[in-house]
There are 2 protein chains.
Amino acid sequence: MMELTRKGEYAIRGIVYLAKQPAGKVVLVSEVAEATGVSQTFLAKIFQNFAKLGLVNSFRGTGGGFLLGRLPSRITLRQVVEAVEGPIIPNRCLTEEGACTRESLCMVHPVWRKIQSEVASILDAVTLEDLAKEKK
Amino acid sequence: MMELTRKGEYAIRGIVYLAKQPAGKVVLVSEVAEATGVSQTFLAKIFQNFAKLGLVNSFRGTGGGFLLGRLPSRITLRQVVEAVEGPIIPNRCLTEEGACTRESLCMVHPVWRKIQSEVASILDAVTLEDLAKEKK
DNA sequence: TTACTATGATACAAAAAAAGTGTCAAGTAT
DNA sequence: ATACTTGACACTTTTTTTGTATCATAGTAA
Ligand code: FES
Ligand code: FES
């Protein structure tokens, strides 16, 4: 239950790799793909999506590639995860209307709400700066 | 991300329906299915699984059906969810070995660990007794 | 200009998981 | 016996995940 998909895992590995680069350094997807052991074309799509959201900046042509769109300290793990996996939604009823029994009567609802906010705040508290550090 | 499947939702609806019955009352899957708006055959499989795990007791033949296997206060939401969805695992590396980069070096790992234990404890804190109550 | 390089956008394909159905066997009450 | 109800298991359909392939677009360099 509640499993991150491979796409999510690849996305994290890829963007953490970027975060580990010296500031301003532009790197190729092919390099990131090789370093992280991810299919290049798959990772490319993920990064393109990041670029649309401003999480990374991209440059085309010779000498092109990707780099972080903001300071590592300004990108949270939640932003990364939600960029590829969508919002954190433990139960459909939190999006669709009337999916469960009436929301106002449903005793389970507050539980999912709580899980949603707990997970969100845990992921909010972690930035790429934290993740780029070498563990001692 | 982290979405409960329909099976999980049906399972909860179904067993909460059981929990709302008077103690000792045996009910048919067909009744539960109709009351909760779930396909009977699908719910039957879910309940059979519950029975194997002892979450519910079952009786075959005329007058048969299902009832809770323990007091509602002794069945947690976590037990119900894990019965159908499997253990709470936010990232593969928490099951497989060496799925991510080396666990001991990976900075992301502790985050998933924390999410895992937070979610588990939230679900542990809720019992069928709580869920069977009518909301005021 | 022309060739080369790298991302951007889509469409397509294969594989896995989820969701649901069908069939028959086994146990129980009348 | 027989009508009823769960148990086990194989099967199908649909949806999601996990990619691949193709071509367009933009930038660099000669
Ligand atoms: S209405 Fe949200 S869980 Fe029931
Ligand atoms: S080893 Fe578990 S998240 Fe990296």
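Here is how names work: the chains are called A, B, and so on, in the same order as the sequence lines, proteins then strands, and each is numbered from 1. Worth knowing before you read on, the calculation uses all heavy atoms, side chains too, and leaves out hydrogens, waters and symmetry mates.
Residue A:Thr5 places at least one side-chain N or O closer than 4.0 Å to OP1 or OP2 of D:dT18.
A:Glu9 has its CD atom 13 Å from the C1' atom of D:dT18, to the nearest Å. If you measure from atom CG of A:Leu4 to atom C1' of D:dT17, you get 13 Å, rounded to the nearest angstrom. Between A:Tyr10 atom OH and D:dT18 atom P the separation is 7 Å, expressed in whole Å.
Boundaries of the chain A contact region on DNA chain C are C:dT5 to C:dA19, first to last in 5' to 3' order (nucleotide atom under 4.0 Å from a heavy atom).
Scanning for side-chain hydrogen bond (donor to acceptor under 3.5 Å, both in side chains) contacts around B:Arg74 gives an empty result, with sequence neighbours left out.
The ring pair (Phe, Tyr, Trp, His ring centres under 6.0 Å) pairs that include a residue from residues 3-26 of chain B are B:Tyr10-B:Phe42, where partners are two or more places apart or lie in different chains.
The residue B:Ser39 sits close only to the backbone: its heavy atoms come under 4.0 Å of sugar-phosphate atoms, none of a base.
Distance CG/B:Leu131 to CZ/B:Arg13: 14.0 Å, rounded to 0.5 Å. Distance CZ/A:Arg113 to CD/A:Gln116: 5.5 Å, rounded to 0.5 Å. Rounded to the nearest 0.5 angstrom, A:Glu85 CD and A:Ile12 CD1 are separated by 8.0 Å.
The hydrophobic cluster analysis finds B:Leu53 isolated: no Ile, Leu, Val, Met, Phe, Trp or Tyr side chain comes under 4.5 Å of it, directly or through other members. Cluster partners of B:Leu28 are absent, since no Ile, Leu, Val, Met, Phe, Trp or Tyr has side-chain heavy atoms less than 4.5 Å from it.
A distance-only check finds a donor-acceptor pair linking the side chain of A:Asp130 to the backbone of A:Thr127 [under 3.5 Å].
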Letter per nucleotide, 5' to 3', of nucleotides 1-10 of chain D [B base touched, S only sugar-phosphate touched, - untouched; heavy atoms, 4.0 Å]
--BBBBBBB-
